[in-house]
Amino acid sequence: MANVLSKKFLLSFLLICLVLSPPQARAVITCDTVFNDLKPCLNYVLVGGNVPTECCNGLKSLIANAITTADRQSTCSCLKSLATTATDEQVDRAASLPGKCGVKVPFKISRDVDCTKVK
């Protein structure tokens with residue numbers, strides 16, 4: 001009888017743990033989202049010049065919407081992927097955008113960033 005009660009208690013406990021455990025964080029932000037938000041920045045990154053207001057607005061929106069760790073890591077990975085095909089000057093211009101736009105980005109925009117460490 002005690003064995004049956006302990007099994008029922010254990011089963012109940014496990015069920016409660018499953019119900020109360022938080023869901024796994026899934027990235028909502030995709031590379032399409034990153035590209036669409038930062039599309040106004042493309043000309044500046046490619047050739048330089050002035051940073052358009054729309055670029056800063058897109059960057060601010062992207063960072064504001066990256067609310068989970070998974071979102072921030074996904075954003076980082078997308079930007080890192082784009083940086084791998086860019087020239088050093090283009091990567092430097094992209095990396096300068098947070099400062100020019102007054103936006104705090106939770107990772108360094110570079111080819112070498114470890115996106116798995118972004119929190």
Side-chain angles (χ1 to χ4, degrees):
M1 180 81 169
N3 194 18
V4 171
L5 287 177
S6 64
K7 284 182 181 178
K8 284 184 178 182
F9 174 76
L10 181 60
L11 183 61
S12 297
F13 179 75
L14 290 174
L15 185 61
I16 290 170
C17 288
L18 285 173
V19 170
L20 295 178
S21 66
Q24 291 283 43
R26 299 179 91 187
V28 175
I29 295 181
T30 65
C31 287
D32 284 342
T33 304
V34 173
F35 179 77
N36 288 333
D37 282 349
L38 299 182
K39 191 174 182 179
C41 305
L42 190 57
N43 192 57
Y44 171 76
V45 171
L46 292 176
V47 296
N50 294 321
V51 178
T53 302
E54 297 83 14
C55 170
C56 291
N57 291 343
L59 182 59
K60 289 174 185 174
S61 174
L62 180 63
I63 297 305
N65 289 320
I67 55 175
T68 67
T69 298
D71 287 336
R72 291 184 288 276
Q73 289 177 346
S74 177
T75 301
C76 176
S77 294
C78 293
L79 291 175
K80 180 179 180 175
S81 176
L82 290 171
T84 61
T85 61
T87 67
D88 290 342
E89 293 81 16
Q90 292 166 342
V91 173
D92 289 344
R93 283 192 288 272
S96 74
L97 285 173
K100 291 182 182 284
C101 293
V103 178
K104 185 175 187 271
V105 176
F107 53 86
K108 182 180 178 186
I109 298 173
S110 78
R111 292 181 192 103
D112 302 322
V113 64
D114 183 353
C115 296
T116 64
K117 293 185 179 178
V118 175
K119 299 296 176 203

Exercise. Quick one: NZ on Lys119 to CD on Gln73, what's the gap to the nearest 0.5 Å?
Worked result: 6.0 Å

Problem set entry | Worked verdict on Asp37 versus Phe35 for side-chain contact (heavy atoms from CB on, under 4.5 Å) | CA-CA 6 Å; Asp37 282 349; Phe35 179 77; over 6 Å; no

For this session: Show the numbers, then the answer: is there a side-chain contact (heavy atoms from CB on, under 4.5 Å) between Leu79 and Val34?
Result: CA-CA 8 Å; Leu79 291 175; Val34 173; 3.8 Å; yes

For this session: Nearest 0.5 Å please: distance from the CD1 atom of Ile63 over to the CD1 atom of Ile29.
Result: 7.5 Å

For this session: Treat each ILVMFWY residue as a node, draw an edge where side-chain heavy atoms are under 4.5 Å apart, and state whether Val91 and Val105 are in one component.
Result: no

Exercise. For Ala95 and Pro98, which heavy atoms make the closest approach, and how far apart are they?
Worked result: O-CD, 3.3 Å

Exercise. Between the side chains of Thr30 and Thr33, does any donor sit under 3.5 Å from an acceptor?
Worked result: yes

For this session: Indicate the atoms forming the closest heavy-atom contact of Arg72 with Ala66, along with that distance.
Result: NH1-O, 3.0 Å

Exercise. Going by heavy atoms in the side chains, are Thr85 and Gln90 under 4.5 Å from each other?
Worked result: no

Exercise. In Å and rounded to the nearest 0.5 Å, what is the NZ to OG1 distance from Lys60 to Thr53?
Worked result: 8.5 Å

For this session: Could you check Leu97 against Ile109 for side-chain contact (heavy atoms from CB on, under 4.5 Å), going step by step and ending with a plain yes or no?
Result: CA-CA 9 Å; Leu97 285 173; Ile109 298 173; 5.6 Å; no

Problem set entry | Carboxylate-amine/guanidinium proximity below 4.0 Å for Lys80 and Asp114 | no

Seminar exercise, completed: dist Asp71:CG -> Cys76:SG (nearest 0.5 Å) comes out at 12.5 Å

Exercise. How far apart are the C-alpha atoms of Val28 and Asn65, what are their side-chain angles, what is the distance that settles it, and do they pass the side-chain contact (heavy atoms from CB on, under 4.5 Å) test?
Worked result: CA-CA 9 Å; Val28 175; Asn65 289 320; over 6 Å; no

Problem set entry | disulfide (SG to SG under 2.5 Å) between Cys101 and Cys55, worked out | CA-CA 8 Å; Cys101 293; Cys55 170; 4.7 Å; no

Exercise. Can you tell me if Arg111 uses its side chain to pair, donor with acceptor, with the backbone of Ala86 under 3.5 Å?
Worked result: yes

Seminar exercise, completed: Between Cys56 and Val51 the two heavy atoms that sit nearest each other are SG-CG1, 3.8 Å

For this session: Measure from the side-chain N and O atoms of Ser61 to the backbone N and O of Asn57, and report whether any donor-acceptor pair falls under 3.5 Å.
Result: no

Exercise. Would the SG atoms of Cys31 and Cys78 measure under 2.5 Å apart?
Worked result: yes

Exercise. What distance do Tyr44 atom OH and Leu38 atom CG have between them, rounded to the nearest 0.5 Å?
Worked result: 13.5 Å

Exercise. Which atom names give the shortest non-hydrogen contact between Pro40 and Pro52, and what distance separates them?
Worked result: O-CG, 3.5 Å

Problem set entry | Neighbour count above 12 (heavy atom, 6.0 Å) for Leu42 CG | yes

